[in-house]
Amino acid sequence: MNWSLNKSQRDGLIGSAVLSLIILALVGAYYIWGESYQARILYATFVNLLVVVGLQVFMGNANITSFSHSAFMGIAAYVAAICVTPAAMKAISLPLAPWGLNAFELSPIVSALLALGITGVLGLLTGLFIARLTGVGVTIVSIAILVIVHSIFLHRTDIFKGNQAFFGIPKIFDLPHITILVIVAIFVARLFRESALGVQLRACADDEVGARAMGVNVYRIRLIAWVVGTLFFATAGIAYAFFLGTISARPFYFNFVFLTVAMLILGGLRSVTGAVFGTLLITIGLEIVRWLETGPTLLSIKLPQMLGLSGLLLGVVIVAVMAFLPNGIMGNSEIEEVLKRKT
Amino acid sequence: MDYVIQQVLNALSFGAEYALIALGLAIVFSIMGLVNFAHGEVIAFGGYSMIIVATLLTANPWVLMIGVLAFCVLASVVLERVAFRTVRRADLTTGLLTAFGVSIVLQNLFLLLGSPRPMAATQFIFLDQTLTLGNIRVSSLQIYETGATIIAIGLLMLFLRKTTLGVAMRAAALDFEMVRLCGIRANRVIAGAFAISGLLAGLACIFIMARRGSVAPHMGFDPVLTAFVACVIGGFGSLPGAVLGGFLLGITEVAVLVLLPQSYGGMAQAAVFTLVALILIWRPDGILSPALDKGDKI
Amino acid sequence: MLQIESLKVFHGPIEAVHGIDINVPEGKCVTLLGTNGAGKTSTLSSITGTARATGTIRLDGEDISRLSIEERCKLGIALSPEGRRIFANLTVYDNLIMGGATRRDKKQLTADIAAWFVQFPVLGERSSQRAGTLSGGEQQMLAIARALVSNPRILLLDEPSLGLAPQITAKIFEIIRDLKTLGMTILLVEQNASAAIEVSDYVYVLNTGTISSHGDASKFGDGTKLVDELTGVHR
């Protein structure tokens, strides 16, 4: 195998490095000026970032909308949580669990690998079908996956606790861990985009018939991208469970799907830079709106409590981006291209 | 025997509700290629309009029904004008995401201006009574629902076959530009499609409200998700397909509830969606649509 | 009746027609000849309003180049498009109803449709059949009839002989000749040079977006010389 990089791949490394610096700057700013409650916000942002960058891998390169990512994230989160939680704790939180699920415990690393493995296998199995479909067919089947997985979470309360919290997960990750994960994810996603596979996948997105005529195996590369994306979601799910200590089925459904999809399309789904910027922008916007939602006192005027404002904003962002900025902020360009153009 | 008839009626009335909503989705999709997920919020808006009319004007259920229909038509047409006109020529995914966006906006507006909790609106509950026919006891609402759906489908068919606008709508499903070249205004055709879609949503709203007796911000989302599935099964954009898909889903859902043990009740939705995934993998364009070759110049 | 001045037509960023002038007098049949990609269909699209264009397009002296597709149709521009584009899912009758959709006099419309069914008996026989089941030639007749039921002031015919057998082509040109005797103003786009020249009064030859020659139809003889010129054949 030839490991030397071509020009766009070298550019990819530069771009990823620039994005990583932005991430590090954010973390640094938190350690210098931040207050402790902001660690949680930053952590959540980075979990979202993992998901959105993972979305970019399949959705962005193949230009096919898929909605199943929070299902895969949920599966990984639950597998990791069930494996890593001490047996004594599970005796309380999952007293009715079948198959001895509440009678064992594994180390964090084994738990995480198991979660990645199981999610990856599920990704492969679903991918075998997904990769055969095109366009809106993928979207529909991905919605089906989301609904089916969610129904199972809700139905098997003995394993997943449904909408109640599954608690007692030890806190294993903290900000440094996820920072590293995010940076690795950015590099992987970017290098995937610039790899032969990524280029072929983007070619299919532009002209499937043309790409096939050039000998591109559309089915194979879609499958690979789908599974790679799934692993990103799994990582995000594990990071989520390893930090929060409790999980429930509710976050792994449509609301989270829309949140992350909005982040991706705002930034521009065709570039990794777009995925990163979209995530950061929407997170900042939502934090401001969430603060407004609680009814704060602004300039000595007590604002009323306005539940639903953050959701409203999210919807407006989606509609506005689709209407006025269909290619997102970044369009097809990555950060190093923008920087070069400026200088 | 009693049990069988009840379950058949159950399947029919579920199917009728899905078919009504699915038709509303399909008529818009067939003309402008938009999967209108905000359709559910039009239904929810119909529910809220009941509260508005009942407080401001009168609680007479018949007036309220007309109100619900009118408000749903209005909401649907306004949505097209405000949100969907800009993405009229965009691809499917853009339209789908826009519709989801609109749906989120509306849900949160209901939350913001109404209440996050369900609000009571019980004026239509009287439709739901237990009838005793001989020694069989059935719900009157289910009979009304099935009957009204069949009548609505019949009227819609008449409209699409006998009026110029109806014929234009069918023609637009095939070649919108050619319809414009015949001098029929695009806005009129699309507004017509949204108005019909709204009317169907209003009808569905009346029956949903008769069953629930309350209105909540998210109440439209699940029915539309299921109706969307019905459209997919039948073949998206095909009106007969939407009806077929709706009734098929109703039957499947009841069958799952009847055949699976009680404790699996929550899995009905999962079963339905598994069915959809399988059908799509078998026939990516749905049951009632002809296979299309990729690379065809259309 | 139809005057086009310095017309440029664009497909996205590409300029397909580079500033042409065309004049179609009332009651005459004018033909646009040219090979594939010469810009014939683009020119027609700019007249109907489906393509982006600059320049002026006048119908009876009134500039219509800013009007929408639908408004132009209402002013009396009817198109029988390339590839026929009949509504395959509708019946033959409903296709004609679509053609006459702009007309207010619905009773007269029904009578006109009946009259066209006499003119085109094949269509009359198949009036309640789905249009997609018609043969190519029948579909072309339907496309022409659909354009005519709107009672247009000018009829635009885009390659009516495309993909048809010689006998059917002859029949289509017979129809065009009949229309001309009825006094219809026609702008015909064709690749079949000899047949087109025969039915028309005036000919414009379009070559990669510009008019390379024009003149009375008699000037072009039977068109063989022109075809050789356009296709680069030297005999």
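Numbered from 1 within each chain, the chains take letters A, B, ... in sequence-line order.
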For the interface with chain A, which of L111(B), V87(B), L97(B), T86(B) has the highest count of heavy-atom pairs at distances below 4.5 Å?
L97(B)
Checking F110(B) against chain A: side chain, backbone, both or neither under 4.5 Å from a heavy atom?
neither
Counting only heavy atoms from other residues, nucleotides and ligands, does the tally under 6.0 Å from OH of Y253(A) exceed 12?
yes
Is it the case that more than 12 heavy atoms not belonging to R81(B) sit under 6.0 Å from its CZ atom?
no
Proximity breakdown for V149(A) and chain B, heavy-atom pairs closer than 4.5 Å
neither
Supply the atom-to-atom distance N255(A) CG to I104(B) CD1, rounded to the nearest 0.5 angstrom.
7.5 Å
By a 4.5 Å heavy-atom criterion (distance strictly below it), what part of I145(A) contacts chain B: side chain, backbone, both, or neither?
neither
What part of L312(A) gets within 4.5 angstrom of chain B, counting heavy atoms only: side chain, backbone, both, or neither?
both
How are the rings of F67(A) and F100(B) set relative to one another: parallel (under 30°), tilted (30 to 60°) or perpendicular (over 60°)?
perpendicular
Check each atom of I148(A) against the heavy atoms of chain B and say whether the ones under 4.5 Å are side chain, backbone, both or neither.
both
Under 4.5 Å to a heavy atom of chain B? For V316(A) that would be both
Just wondering, more than 12 heavy atoms not from R250(A) lying within 6.0 Å of its CZ?
no
Between F221(B) and chain A, with a heavy-atom cut-off of 4.5 Å, which part of the residue counts as in contact: side chain, backbone, both or neither?
side chain
Among V105(B), V229(B), L96(B), residue most engaged with chain A (heavy-atom pairs, under 4.5 Å)
V105(B)
Do F254(A) and L225(B) have side chains that approach each other closer than 4.5 Å (heavy atoms only, starting at C-beta)?
yes
